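Counting starts at 1 for both ligands and their atoms, in listed order. Just so we're clear, the structure is a prediction, and the values are computed from it rather than from any experiment.
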Amino acid sequence: MSATAVIGLQWGDEAKGKIVDLLTDQHDVVVRYQGGNNAGHTVVCNGQTYKLSLLPVGVLRPQVTSVIATGVVINPKALLGEIEGLKSRSMPVGSNLLISDRAHVIFPHHVAEEAALEESRKDNAIGTTMRGIGTCYRDKAGRTHAIRVGDLYYPDIFRTRLADIVAQKNTILRALAPAFTPLDAGQIAEEYLGYAKQLEPHVIDTTSFLHKSLAQGKKLLFEGAQGSLLDIDHGTFPFVTSSSSSGCGIHSGSGVPERSISRMIGVVKAYTTRVGGGPFPTELNNAIGQHIRDVGREYGTVTGRPRRCGWFDAVAAGYGARISGVDCIAVMLLDVLSQLDEIKVCTAYDIDGERTTDFPSHVEALARAKPVYETLAGWKSDICGVRKLADFPKAARDYLETLGELLGKPVEIISVGPDREQTILD
Ligand code: IMP
């Protein structure tokens with residue numbers, strides 16, 4: 001068994017990209033298996049900051065093969081833009097990038113439909129990234145209006161199918177938003193055939209490639225996007241993303257059985273953040289929440305939206321750890337809490353007078369959950385330079401120990417800053 005997986009245990013943005021980047025040296029293949037350009041990974045590599053969205057973090061290391069596997073939804077224009085952006089920074093992407101011919105394609109009607117649907121939900125909007133992710137996954141499940149990467153290489157069939165799909169989408173879109181200007185199927189078809197030509201050298205059957213890689217003893221690294229609590233099946237539905245963003249998605253999204261994975265690393269922030277709508281029991285709408293947002297620079301990589309910030313929620317992250325089946329924990333951004341006098345951790349919920357450590361299955365129950373807190377002392381000192389567990393102030397070690405105990409898994413990685421060196425491996 002030679003595969004590792006890096007999975008977020010909260011509502012995304014756990015700084016998974018840094019862990020993936022750290023581990024790429026020890027792996028041959030990095031695999032994105034779900035989500036699309038809704039994801040945002042900020043990685044500092046050789047002193048340069050890179051913001052990646054659809055491209056696996058592995059593309060920053062040319063010796064590593066990066067795979068965009070079957071479960072990902074691909075906006076080809078956005079993907080080519082990212083590839084171009086790296087090229088302009090002398091980081092060309094060549095045969096080290098492989099794209100699944102089974103992955104589904106995002107079209108302009110997906111983005112337009114999502115905008116109309118979100119608009120119609122008004123105060124109850126999901127708060128999506130507006131990238132057409134959910135509408136593309138919906139069409140994938142519906143089958144009749146879906147187009148996969150491989151379909152782009154049968155131009156005549158593609159043109160005919162797209163014309164039918166766009167005609168129906170125009171009718172739906174005009175009903176949702178009467179001022180909508182109809183989309184031109186012919187123009188979109190030619191545009192997408194152009195993208196397909198540019199991407200062709202990268203497009204293969206990635207499932208077959210991954211199985212051959214495993215057979216050759218290559219080491220695979222699975223890079224989760226978003227977090228376990230945004231999982232379509234197990235997250236805070238409907239305030240979730242539309243893919244299996246917990247560890248559950250690895251098998252379906254890549255075609256590689258989960259038993260191939262020998263180390264599943266669950267990544268958490270030392271506190272909690274969330275972007276978009278949905279209940280968030282430990283949210284801090286006060287000066288402490290603002291302090292965490294400012295110090296942690298908690299603004300979305302993709303949309304720039306300020307993230308909602310709160311205390312660490314061990315009920316939520318513990319649930320994320322269980323559904324993803326993690327072996328160990330990476331605690332990120334611990335340094336962000338350094339100036340606080342005391343730090344709270346949610347150890348249970350009180351829901352209608354009943355205390356529970358179970359994560360509720362319905363958002364209405366989660367919305368009523370009052371956090372039960374354990375209060376720990378802050379360490380009130382700069383820990384950005386710490387490189388060994390033993391060198392942390394006792395209060396910081398106590399905090400890490402508490403998180404590990406509550407999550408039931410050992411904390412094996414701690415991050416105290418964006419640089420590779422600011423990482424403690426226990
Ligand atoms: P969608 O994935 O654009 O459909 O958005 C659905 C929900 O997932 C929204 O609350 C988004 O803010 C959230 N979301 C999607 N991608 C990310 C991410 O990479 N980090 C954090 N939240 C995300």
request  = With heavy atoms of G276 as the reference, note each atom of ligand 1 found under 4.0 Å away.
outcome  = 10 (O)
task = Mark up the atoms of ligand 1 that fall under 4.0 Å of a heavy atom belonging to I126, in ascending order.
result = 10 (O)
request  = Among residues two or more places apart or on two chains, list those pairs meeting ring-ring contact (aromatic ring centres under 6.0 Å, His included) that have a residue in residues 15-49.
outcome  = none
key: Parallel, tilted or perpendicular, as decided by the 30° and 60° cut-offs, for the rings of F107 and H110   = tilted
Give a yes/no verdict on whether any heavy atom in [X] is under 4.0 Å from an atom of ligand 1.
X	answer
S242	no
R131	no
A39	yes
V240	yes

Indicate, as side chain, backbone, both or neither, the part of [X] found under 4.0 angstrom from ligand 1 when only non-hydrogen atoms are considered.
X	answer
R305	side chain
W11	backbone
T128	both

Could you tell me the residue and atom name of the protein heavy atom closest to [atom], and the distance to it rounded to 0.1 Å?
atom	value
atom 3 (O) of ligand 1	T129 OG1, 2.5 Å
atom 11 (C) of ligand 1	G127 O, 3.6 Å
atom 2 (O) of ligand 1	T241 OG1, 2.6 Å
atom 17 (C) of ligand 1	Q226 CG, 3.4 Å

ask   = Backbone or side chain, does any N or O of N38 fall under 3.5 Å from an N or O of ligand 1?
value = yes
ask   = What about V275: any of its N or O atoms under 3.5 Å from an N or O on ligand 1?
value = yes
query = Just checking, R89 and Y50: is the charged tip under 6.0 Å from the six-membered ring centre and within 45° of the axis?
reply = yes
key: Test side chain to side chain donor-acceptor pair (under 3.5 Å) applied to R305 - qualifying residues, sequence neighbours left out   = T303
For [X] and [Y], work out which heavy atoms get closest and say how close.
X	Y	answer
E14	L9	OE2-N, 3.4 Å
L334	I414	CD2-CG2, 3.9 Å
A146	D151	O-OD2, 4.5 Å

Residues K87, E82: salt bridge by 4.0 Å N-O rule = no
inquiry  = For F280 and W11: C-alpha separation, side-chain torsions, deciding distance, then whether ring-ring contact (aromatic ring centres under 6.0 Å, His included) applies.
reply    = CA-CA 10 Å; F280 178 178; W11 279 286; 5.5 Å; yes
key: Proximal candidate to atom 14 (N) of ligand 1 [heavy atom criterion; set L230, D13, T236]   = L230
inquiry  = Could you tell me if K218 and S2 have a donor-acceptor pair between their side chains, going purely by distance under 3.5 Å?
reply    = no
